[in-house]
Amino acid sequence: MKYDVFLFDLDDTLLEFETGERNAFKRAFTEAGLAEGLDAYRSEYRAISNVLWRELEEGKATMAELKVNRFRQLFAKFGISLDADEFSEAYLEQLGKEAHLIDGVIDMLDSLGDARLAIVTNGFVKAQIARIACSPLNRRFEVILSSEEAGYQKPRPEIFHAALDRLGVTDKSRVLMTGDSLTSDIRGGNRFGIDTCWYNPNGLENETDAVPTYEIASWNEFTFGKSAAGLRS
């Protein structure tokens with residue numbers, strides 16, 4: 001087998017994110033006495049959050065800024081007088097209870113045998129560790145590295161370097177990075193100089209400069225633990 005070190009993104013790669021986000025958002029707002037207007041709050045929040053996450057990937061914002069500013073901007077938009085810092089912590093606590101496994105993930109991980117596994121995520125430590133701990137992913141990964149902890153976010157090559165450093169791996173040819181995001185996972189792998197696999201269950205067109213080594217639509221196509229057949233490069 002060519003690869004024996006596998007790096008994975010978390011959100012919308014191993015765990016489905018939207019359901020967990022929706023549930024956590026609803027509980028956090030309901031507990032804050034803001035159940036009325038929830039749909040409007042969440043629609044605006046997603047628009048704000050998408051912009052801030054894109055700025056993060058482009059190096060125009062930090063994790064600390066994103067963490068609070070998404071709620072600060074939302075509250076300003078609707079005239080809500082809540083402390084954005086405190087609410088952000090409450091939301092992340094709720095998000096940490098949400099772990100929705102994507103179909104086929106466990107069978108795929110089992111197929112990799114004794115390969116070395118790590119998660120490299122742009123998410124927040126508090127939520128990501130909690131979500132993994134309450135899911136079947138718990139104890140399956142040698143390293144779990146978040147951009148908040150690393151001080152760098154995907155697609156910055158430094159976060160991949162930090163992950164391999166923790167694993168004690170120097171030979172990049174042994175490593176495959178897999179994720180759903182062309183702009184963070186695949187572009188990041190390209191910049192760091194490792195092979196990549198684009199998890200693309202919705203059959204999206206690649207309109208970016210990121211170049212995946214492989215592309216899969218479902219986890220039963222990820223057959224590195226058995227053979228490389230079935231992967232689309």
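As a basis for the values below, the full set of heavy atoms in this structure was taken, side chains included, without hydrogen atoms, waters or symmetry mates. Worth saying up front: this structure is predicted, and the values here are computed from it rather than measured.
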Would a single hydrophobic cluster contain both [Y] and [X], if residues Ile, Leu, Val, Met, Phe, Trp and Tyr are joined by side-chain heavy-atom contacts under 4.5 Å?
{"X": "Val5", "Y": "Ile144", "answer": "no"}
{"X": "Tyr214", "Y": "Leu14", "answer": "yes"}
{"X": "Met63", "Y": "Leu52", "answer": "yes"}
{"X": "Trp53", "Y": "Val120", "answer": "no"}
{"X": "Leu145", "Y": "Leu10", "answer": "no"}

To the nearest 0.5 Å, what is the distance between [atom1] ([X]) and [atom2] ([Y])?
{"X": "Asn200", "Y": "Asn206", "atom1": "CG", "atom2": "CG", "answer": "8.5 Å"}
{"X": "Leu38", "Y": "Leu34", "atom1": "CG", "atom2": "CG", "answer": "9.0 Å"}
{"X": "Asn50", "Y": "Arg70", "atom1": "CG", "atom2": "CZ", "answer": "11.0 Å"}
{"X": "Leu182", "Y": "Glu205", "atom1": "CG", "atom2": "CD", "answer": "10.5 Å"}
{"X": "Ser43", "Y": "Ile48", "atom1": "OG", "atom2": "CD1", "answer": "10.0 Å"}
{"X": "Ile132", "Y": "Leu137", "atom1": "CD1", "atom2": "CG", "answer": "6.5 Å"}

Within 45° cone and under 6.0 Å: Lys172 NZ/CZ vs Phe192 ring = yes
Side-chain donor-acceptor contact under 3.5 Å, [X] with [Y]:
{"X": "Arg174", "Y": "Tyr3", "value": "no"}
{"X": "Arg187", "Y": "Asn190", "value": "no"}
{"X": "Gln128", "Y": "Ser146", "value": "no"}
{"X": "Gln153", "Y": "Asn122", "value": "no"}
{"X": "Asp11", "Y": "Thr13", "value": "no"}

Non-hydrogen atoms of [X] and [Y] that approach each other most closely:
{"X": "Arg72", "Y": "Ala84", "answer": "N-CB, 3.7 Å"}
{"X": "Ser111", "Y": "Phe222", "answer": "OG-O, 4.4 Å"}
{"X": "Trp198", "Y": "Pro212", "answer": "CB-CB, 3.8 Å"}
{"X": "Asp180", "Y": "Asp185", "answer": "N-OD2, 3.3 Å"}
{"X": "Ala35", "Y": "Thr30", "answer": "CB-OG1, 4.1 Å"}
{"X": "Ser184", "Y": "Ser181", "answer": "OG-OG, 2.9 Å"}

task = With sequence neighbours excluded, tell me which residues meet ring-ring contact (aromatic ring centres under 6.0 Å, His included) with Phe29.
result =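 ring-ring contact (aromatic ring centres under 6.0 Å, His included) check on Phe29 returns Phe25, Tyr41, Phe87.
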message = Classify the ring geometry of Phe71 against Phe75: parallel below 30°, tilted from 30° to 60°, perpendicular beyond 60°.
response = tilted
[atom1] ([X]) with more than 12 external heavy atoms under 6.0 Å:
{"X": "Asn138", "atom1": "CG", "value": "yes"}
{"X": "Asp114", "atom1": "CG", "value": "no"}
{"X": "His161", "atom1": "NE2", "value": "no"}
{"X": "Tyr152", "atom1": "OH", "value": "no"}

ask   = Is there a side-chain contact between Thr121 and Phe8, using heavy atoms and a 4.5 Å cut-off?
value = no
request  = Flag the pair Glu21 / Arg42 as yes when at least one side-chain heavy-atom distance between them is below 4.5 Å, and no otherwise.
outcome  = yes
Are the charged groups of [X] and [Y] less than 4.0 angstrom apart, N to O?
{"X": "Glu89", "Y": "Lys67", "result": "yes"}
{"X": "Glu148", "Y": "Lys126", "result": "no"}
{"X": "Lys154", "Y": "Glu58", "result": "no"}

query = When Thr196 is tested against each of Leu7, Ile186, Val175 for side-chain contact (heavy atoms from CB on, under 4.5 Å), which residue passes?
reply = Ile186
ask   = Picking from Glu18, Glu98, Lys97, Gln94, what satisfies side chain to side chain donor-acceptor pair (under 3.5 Å) with Asn23?
value = Glu98
Trace of the ring-ring contact (aromatic ring centres under 6.0 Å, His included) decision for Phe124 with Tyr91 = CA-CA 11 Å; Phe124 295 97; Tyr91 166 73; 8.9 Å; no
